[in-house]
Amino acid sequence: MKRNIPYRISAYICIIVLLSAISCSHNQSRSYENYTEIENRYYQLKSANTDTEKGALKAYVCDTLNFAELYDSPLWDKFIDDWISLFSKNPAQAFPTEEFTYISKRILDRVAIENPEIIEPLVHTSTEILIGIGQKKIAACIVAYSNGINIRANDDSEIAMRLLTAMMLPGTKAPALIGLKRAGNKEKLIIFYDSNCSDCKSLLSNISDRYKELSEKGIDVISLSADTDKTLYTKYAKNFPWKNKLCDYQSFSSGNFKNYGVAAVPTMYLIGSDGLVVDRFDTLEETDLLNKESDIKIINNEKKALR
């Protein structure tokens with residue numbers, strides 16, 4: 001009986017491997033079928049001319065298209081571009097703003113349930129294309145909707161425009177800070193805050209506690225206040241250990257707040273030494289700056305190497 005145990009184990013292993021192979025083959029086959037469907041629809045997007053053809057494609061993208069599969073395919077950018085172009089194929093007609101935003105919101109609602117991780121790349125890619133064809137208000141409307149703010153595409157929404165600005169900043173040249181005398185070429189942590197904001201106080205307290213570490217790593221900290229009361233601002237800001245503290249007492253109407261698309265506080269940006277915006281972050285830990293090797297340590301290591 002004992003001699004049969006290894007045989008049985010081997011048999012079980014073979015069965016498991018076989019089932020895994022069948023499952024893998026099935027998944028690959030299904031993925032191939034999904035990609036083929038997406039590819040076919042992509043070519044239909046490029047050639048659609050009649051209202052019937054366009055209507056069928058709009059229904060497919062709105063109700064059926066698997067955006068996760070599309071995102072994993074090489075057709076992502078091209079598909080989104082031609083999808084938006086489907087609405088502007090007739091140069092004699094104005095861009096169908098209401099129809100496009102209505103369908104876009106329905107798509108976002110569905111994707112938020114089925115593939116929430118695709119929301120950000122979908123909105124970002126669509127936004128870039130819309131801005132490129134002069135539809136900035138629609139882009140702002142879609143960005144706002146993805147942030148839980150439902151406005152019409154033709155509305156003049158300051159918040160929507162700021163959310164759009166904030167989304168498009170990463171990877172671009174950081175706007176010059178009004179009131180900052182010397183920017184330098186160090187990495188910068190920029191924090192927009194309000195002295196009465198509890199979340200702001202929590203973030204700034206953490207940064208103050210870790211400021212020595214940040215400074216040793218060659219990182220500048222710059223705080224910008226939305227305060228309108230000089231006494232309140234001075235009382236709170238005087239405790240910050242960094243030098244660069246800005247406040248023009250214009251609250252969210254401040255040029256710096258507008259240029260950085262600040263619609264709420266706290267808002268924190270990391271600027272690279274190349275002057276480009278790295279990204280927005282909610283916490284200091286998310287920036288990974290605390291794991292960066294300090295400039296002092298780098299200099300000491302260089303000195304040791306020269307000995």
Side-chain angles (χ1 to χ4, degrees), residues 120-121 123-125 127-128 131 143 161-194 197 199-226 236-248 252 254-307:
E120 186 174 346
V123 173
H124 194 280
T125 303
T127 293
E128 285 186 322
I131 291 175
V143 173
M161 282 299 178
R162 291 200 184 195
L163 291 171
L164 174 62
T165 297
M167 170 169 274
M168 302 309 294
L169 273 180
T172 66
K173 190 74 174 176
L177 289 171
I178 303 166
L180 187 66
K181 293 180 180 179
R182 234 172 53 175
N185 57 357
K186 291 183 177 182
E187 284 182 288
K188 300 172 187 65
L189 200 58
I190 301 176
I191 307 103
F192 294 86
Y193 75 98
D194 185 292
C197 163
D199 289 338
C200 300
K201 288 180 179 179
S202 177
L203 174 63
L204 288 164
S205 175
N206 188 28
I207 294 172
S208 294
D209 291 342
R210 311 301 292 271
Y211 176 67
K212 184 178 179 182
E213 292 177 62
L214 294 169
S215 182
E216 288 176 350
K217 296 173 189 292
I219 298 155
D220 280 344
V221 176
I222 304 168
S223 55
L224 299 96
S225 175
Y236 188 54
K238 70 180 182 181
N239 297 314
F240 299 155
W242 50 87
K243 293 180 181 178
N244 294 315
K245 313 167 192 180
L246 301 176
C247 182
D248 58 13
F252 282 79
S254 167
N256 287 321
F257 277 67
K258 289 180 179 179
N259 294 340
Y260 278 83
V262 179
V265 289
T267 293
M268 179 168 63
Y269 284 100
L270 176 61
I271 312 300
S273 56
D274 55 4
L276 300 181
V277 177
V278 177
D279 210 340
R280 280 183 300 169
F281 298 93
D282 294 324
T283 67
L284 176 59
E285 287 69 25
E286 285 180 359
T287 67
D288 206 35
L289 291 175
L290 296 174
N291 295 322
K292 178 187 174 185
E293 193 172 20
S294 73
D295 284 354
I296 294 173
K297 187 174 181 180
I298 292 171
I299 291 170
N300 289 336
N301 287 340
E302 289 175 349
K303 287 180 177 178
K304 288 179 182 178
L306 291 172
R307 289 173 187 169

Name the orientation class of the two ring planes belonging to Tyr260 and Phe192 (parallel below 30°, tilted from 30 to 60°, perpendicular beyond 60°).
tilted

May I ask you to decide if the ring planes of Phe240 and Trp242 are parallel, tilted or perpendicular, using 30° and 60° as cut-offs?
parallel

Just one of Val278, Leu214, Leu289 clears the side-chain contact (heavy atoms from CB on, under 4.5 Å) bar with Glu187, so which one?
Leu289

Distance col, row Met167:CE vs Ile131:CD1, nearest 0.5 angstrom, shows 10.0 Å

Hey, could you give me the OG/CG distance between Ser225 and Leu246, rounded to the nearest 0.5 Å?
10.0 Å

At what distance, to the nearest 0.5 angstrom, does NZ of Lys217 lie from CZ of Arg210?
9.0 Å

More than 12 foreign heavy atoms under 6.0 Å from CD of Glu120: is that the case here?
no

Taking the side chain as every heavy atom from C-beta outward, state whether Ser254 and Val262 have any pair of such atoms under 4.5 Å apart.
no

Heavy atoms of Arg162 and Phe252 approach each other most closely as NH2-O, 2.5 Å

If we only count heavy atoms from C-beta on, is the Ile271 to Ile222 side-chain gap below 4.5 Å?
no

Please examine the side chains of Arg280 and Leu169, heavy atoms only from C-beta on, and report whether any two atoms are closer than 4.5 Å.
no

Can a donor-acceptor pair be found, under 3.5 Å and without considering hydrogens, that links the side chain of Asn256 to the backbone of Ile178?
yes

Rounded to the nearest 0.5 Å, the CG atom of Leu276 sits from the CG atom of Leu270 at a distance of 11.0 Å

Contact summary for Pro170 and Ala166, nearest pair of heavy atoms:
CD-O, 3.4 Å

Roughly how far, to the nearest 0.5 Å, is the CD atom of Glu286 from the CE atom of Met268?
7.0 Å

For Asn239, I'd like to know if atom CG has over 12 heavy atoms of other residues, nucleotides or ligands within 6.0 Å.
yes

Exercise: identify the closest heavy-atom pair between Thr165 and Lys258:
CG2-O, 4.2 Å

I'd like to know if the side chain of Thr125 reaches the main chain of Pro121, judged simply by a donor and an acceptor atom lying under 3.5 Å from each other, with no hydrogens or angles considered.
yes

The side-chain contact (heavy atoms from CB on, under 4.5 Å) partner of Leu284 among Asp282, Asp288, Thr287 is Thr287

Name of the residue among Ile207, Leu203, Asp209 meeting side-chain contact (heavy atoms from CB on, under 4.5 Å) with Ser205
Asp209

With rounding to the nearest 0.5 Å, note down the distance linking CG in Asp194 to OH in Tyr236.
10.0 Å

